[in-house]
Number of protein chains: 2
Amino acid sequence: MASQRGEGETTTTPVEPADRERARAIPEAAVARLAVYLRVLSGMSDQGVTAVSSEELSQAAGVNAAKLRKDLSYIGSYGTRGVGYDVEVLVSHIERILGLTRSHSVAVVGIGNLGHALANYGGFPGRGFPVTALFDVDPDLIGIPVGGIPVNHIDEITEVCLEREVSIGVIATPPPAAQSVCDRLVSAGVQCILNFAPVVLQVPDNVEVRKVDLAVEMQILSFHVARRADEAAGVSAGIDSAGNNGLGVDGMVIRP
Amino acid sequence: MASQRGEGETTTTPVEPADRERARAIPEAAVARLAVYLRVLSGMSDQGVTAVSSEELSQAAGVNAAKLRKDLSYIGSYGTRGVGYDVEVLVSHIERILGLTRSHSVAVVGIGNLGHALANYGGFPGRGFPVTALFDVDPDLIGIPVGGIPVNHIDEITEVCLEREVSIGVIATPPPAAQSVCDRLVSAGVQCILNFAPVVLQVPDNVEVRKVDLAVEMQILSFHVARRADEAAGVSAGIDSAGNNGLGVDGMVIRP
DNA sequence: CCGACTTTGTGCATGCGTTCACAAGCGGTA
DNA sequence: TACCGCTTGTGAACGCATGCACAAAGTCGG
């Protein structure tokens, strides 16, 4: 990196302006894939692999080789033509772009089944995401340590988040509580939220929300099951004995 | 539906050929949003709302109104111009397209923290996804009921899945076991897999995989934290006392 | 030192998804 | 019945992401 820039910097800023522009320009979809490449690369590194070609890496990551190269080009050109990429070099540059050189303190709100699972996830895979605060409303849970962290009451969310410099909030509450919890997190200065509650959160523009919605995932799969069934029925159209083909007769189905 | 078709059918198939073509044509992204609309509509229905405009619904679902109308148009035209949509009608048509008129039997593999949480999720929100089988390798878990279902040994996966007609497999195992579990599910005839393990699964073309990857989600959020920090540093470029701006000095950081 | 081979990085075309803007259609009202 | 205002449904333009194909650039063997 330091070696391959050099076009006149007019500011006195010590950080690379080019990095900021680059980071801003990376497509969202590419960011998600970079995280996958990072995991694959880390695995390779652990196994002692030191070099890798775009072809190998792309196959391990389950993507097109050209796409992988384009994704990597967003963060700079760290490959060697005719050879490939140095695993360690790629790892460190992806980590830098993803902001993993800082560790991000995480708070989990809602210590039910899912909250327990998250709190015990063990510093989050690929570490750099220490869970430093847990919240719930249930008086029986307050003070109980889960995964080594004692649970605080949700009313303390602002003070605790500020004190522990929480930068990512994870919402694992029942749906009705989610928006209220979200609002409190936001007012505590949390700007990134990972939402497991099946609710569409309303947040100000400066807050980033990502949602993980199990019901939606299941329903997408269901759609594909149905599509497949339809296709199967379509291939043997009219041959299959009438009736049982995933859609109700006439396609009209009133739910019970 | 039944009332608004009628253009000459040349086959003797009782299901709508138009439905199949339509379903095939729905963009993946739209399917995911349809699931969200369905949840919002169900909520409205529960609150006694019977009619809704695209504007209202789009706001509740957090999307653009035009996009919502286009999404709904993929499944047919069930609105009334000048009025809006009937909530119940939309609900039933979205359910039909998503294949929710059949219930889809779910198997969860890997009964750790996350597996427990999933098994107890209560038939999965928005129901229609009964968990009917649980698997693990730990002998201490075999036979123990979790969420009402006794845990089977993973070696029984084929028989049990076939017997209980599992159509969706959920992988919640440690990473190293995921591919092997996936292969077993596939050979047991499961064609849809929801993967929580941070691993890129290799599957045949006829199997649909969706992955939920917490580490990737966190890293995407981390990227946005870093981008924000950079922007903040950029706005006050050079004014901010040198150093602490999310990127290491010179943008070059070697991980420990 | 040179030429052949390998692999990266990227310009370009293609396709998909989103957004805009408006005509078509429907209910209400006089 | 005829008009008016409202909302849907969609054609068309735009923008982003993907995939291709090739030039640039490096290594290795002779």
Side-chain angles (χ1 to χ4, degrees), chain A residues 1 3-5 18 21-37 41 44 49-87 89-90 93-94 97 220 223, chain B residues 1 3-5 18 21-37 41 44 49-87 89-90 93-94 97 220 223:
Chain A
M1 177 76 240
S3 61
Q4 72 127 35
R5 67 180 152 132
E21 282 150 34
R22 230 195 277 276
R24 206 170 295 144
I26 303 180
E28 187 80 9
V31 173
R33 285 190 299 266
L34 283 172
V36 174
Y37 306 152
L41 286 165
M44 289 178 169
V49 179
T50 59
V52 68
S53 73
S54 64
E55 187 58 40
E56 296 169 288
L57 183 52
S58 70
Q59 231 165 347
V63 301
N64 182 297
K67 196 192 308 201
L68 178 134
R69 288 200 298 273
K70 181 143 289 191
D71 288 344
L72 291 181
S73 80
Y74 290 128
I75 67 174
S77 30
Y78 304 112
T80 307
R81 296 172 190 232
V83 179
Y85 301 89
D86 181 288
V87 173
V89 169
L90 269 193
H93 283 292
I94 295 177
I97 291 289
I220 294 172
F223 170 79
Chain B
M1 177 79 241
S3 60
Q4 73 128 43
R5 58 156 170 147
E21 283 150 35
R22 231 196 277 276
R24 206 169 296 142
I26 303 180
E28 186 80 10
V31 173
R33 286 190 299 266
L34 283 171
V36 174
Y37 306 154
L41 287 164
M44 288 178 169
V49 178
T50 59
V52 68
S53 73
S54 64
E55 187 59 40
E56 296 169 289
L57 183 51
S58 70
Q59 232 166 345
V63 302
N64 182 297
K67 194 190 312 200
L68 178 132
R69 288 200 298 274
K70 178 140 288 193
D71 287 345
L72 291 181
S73 80
Y74 291 128
I75 66 173
S77 30
Y78 304 113
T80 306
R81 296 174 190 232
V83 179
Y85 300 89
D86 181 290
V87 173
V89 169
L90 270 194
H93 283 292
I94 296 177
I97 290 290
I220 294 172
F223 170 79

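Within every chain, numbering begins at 1; the chains are lettered A, B, ... in the order of the sequence lines, protein sequences first and strands thereafter.
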remark   = In whole angstroms, the gap separating C1' of dG9(C) from OH of Y85(A) amounts to 7 Å
key: Which nucleotide in dT18(D), dT7(C), dT8(D) has an atom nearest any side-chain atom of S53(B)   = dT8(D)
task = Take atom NZ of K67(B) and atom C1' of dC16(C), then tell me their distance rounded to the nearest Å.
result = 13 Å
ask   = For the base of dG9(D), is there a side-chain donor-acceptor partner from K70(B) under 3.5 Å away?
value = no
query = Taking the side chain as C-beta and beyond, is there a heavy-atom pair between I220(B) and E28(A) under 4.5 Å?
reply = yes
note = Residue pair A66(A)/G82(A) against DNA chain C: nearer the 5' end by closest nucleotide is G82(A)
ask   = Taking the side chain as C-beta and beyond, is there a heavy-atom pair between Y74(A) and V31(A) under 4.5 Å?
value = no
inquiry  = Whether the side chain of R81(A) and the base of dT8(C) hold a donor-acceptor pair under 3.5 Å is what I'd like checked.
reply    = yes
DNA chain D: 5'-proximal contact among T80(A) and D71(A) (nearest heavy atom) = D71(A)
task = Quickly work out the E28(A) CD to dT18(C) C1' distance and round it to whole Å.
result = 16 Å
query = Rounding to a whole Å, what distance do you find between I26(B):CD1 and dT10(D):P?
reply = 13 Å
ask   = Side chains of Y78(B) and D86(B): is there a donor and an acceptor less than 3.5 Å apart?
value = no
key: Protein-nucleotide distance (Y78(A), atom OH; dT10(C), atom C1'), rounded to Å   = 17 Å
Spacing of R69(B) atom CZ relative to dC22(C) atom P, expressed in whole Å = 14 Å
Residue whose closest nucleotide on DNA chain D lies nearer the 5' end, A29(A) versus S54(B) = S54(B)
key: For atom CG of L68(B) and atom C1' of dT10(D), their distance in whole Å   = 14 Å
request  = Check whether any side-chain heavy atom of R69(A) sits under 4.5 Å from a side-chain heavy atom of Y85(A), and report yes or no.
outcome  = yes
key: dC20(C) phosphate, OP1 or OP2, under 4.0 Å from N64(B) side-chain N/O   = yes
request  = Grab the CD-C1' distance between E55(B) and dC20(C) for me, whole Å please.
outcome  = 14 Å
message = Are the side chains of L90(A) and Y37(A) in contact, using a 4.5 Å heavy-atom criterion?
response = no
